[in-house]
Number of protein chains: 2
Amino acid sequence: MTTPGPRAAQHGVRGDLFDPQCPTRQLLDRLGTKWTSMAVRTLADAAPEEVRFAELRRRMPGVSQKMLSVTLRSLTRDGLVSRRVEPTVPPRVFYRLTGLGLSLEAVLAGLRTWAEEHMAEIDRANYAVDQEAGETEEA
Amino acid sequence: MTTPGPRAAQHGVRGDLFDPQCPTRQLLDRLGTKWTSMAVRTLADAAPEEVRFAELRRRMPGVSQKMLSVTLRSLTRDGLVSRRVEPTVPPRVFYRLTGLGLSLEAVLAGLRTWAEEHMAEIDRANYAVDQEAGETEEA
DNA sequence: CGGGATCCTACTTGATACTG
DNA sequence: CAGTATCAAGTAGGATCCCG
């Protein structure tokens, strides 16, 4: 049997969204991780100033030091955040959004706007479904 | 001190984004699930036509029957998708994006655009980091 | 045909402890 | 201070079986 090659090639029309290599898929995977958007937003709020690790953590209530570390490493690796180390004792590490990171923040701002405008409507829809279910159940 | 106003939500306590009740958080939780964006996109491509379950599944390569079912139930519950059942034997079930769902698709289109424009840059950044790490390691 | 229920695996997250 | 390493837990996702 012949190897059909990359499956993505078959779905030319609607294309890439179904492929794990799809850029949108990769972006959503990143935004889906819990602290990514929060970190980008917090760094964007501070931009163009740098923010130290501990200060960043203070501004992101609930984040563990490990998850902040993991998140920042991922963002740095992606080129969305720059990392600067002052080799003092103790060391001081500064983070700042790159240009690429700032452009992502613009997209996130769009998401935020939609969410603020429409999530209440989604909540109402959920509530309505719950009401129906409740009535059906206790009938 | 002056009136807090709407900006308080953004800058004051820094409150909303870090809260699990935050609308943006709730939206990202939804978009973060694997098949949500794919389903919305596929239904948007078909809009304003309805799409049957099996046909939808055919248009979303890789999705399992269960995950499609779960995803559609969630979207329907959120009021993003409408569901119509023809009580025949066997039953025929049709799905379609609601107006709310269509407006979400617009936001997703923005995400897609950014991803297509910038994910290659992120890939390059990752590749560069890998190169450095490799050289450092095998030196 | 559509989809609910069950079981199971893998990944993400979090708590804790240790290091330069 | 700024991490890294380890372990435990919760959850998203997939495979399968069954039902109306």
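Because the structure is a prediction, the values reported are computed rather than measured. Every chain is numbered from 1, with letters handed out A, B, ... down the list of sequences.
Residue A:F94 is classed as having no contact, given no heavy-atom separation below 4.0 Å to the nucleic acid.
Phosphate proximity of D:dC1 to A:Y95: absent, as no side-chain N or O sits under 4.0 Å from OP1 or OP2. Between A:T88 and D:dC1, a side-chain N or O to OP1/OP2 separation shorter than 4.0 Å is absent.
If you take CG of B:L28 and P of D:dA12, they are 15 Å apart, rounded to a whole angstrom. In this entry the distance linking CZ of A:R83 with C1' of D:dC1 reads 12 Å, nearest Å. Between A:L68 atom CG and D:dC1 atom P there is a gap of 14 Å when expressed in whole angstrom units. Put simply, CD on A:E86 is 13 Å from P on D:dG3, counting in whole angstrom units.
A salt bridge does not link A:R52 with A:E50: every distance from a Lys NZ or Arg NE/NH1/NH2 to an Asp or Glu carboxylate oxygen is 4.0 Å or more. Salt bridge absent: A:E55 and A:R92 never bring a charged side-chain N and a carboxylate O closer than 4.0 Å.
The nucleotide whose nearest atom lies closest to any side-chain atom of A:R52 is, among D:dC1, C:dG2, C:dG4, D:dC1.
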Seminar exercise, completed: Counting primed atoms, P, OP1 and OP2 as sugar-phosphate and everything else as base, the B/S/- map of nucleotides 13-20 of chain D against protein heavy atoms under 4.0 Å is BBB----B
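Within the 3.5 Å criterion, the main-chain N or O of B:V70 finds no donor-acceptor partner in the side chain of B:S74.
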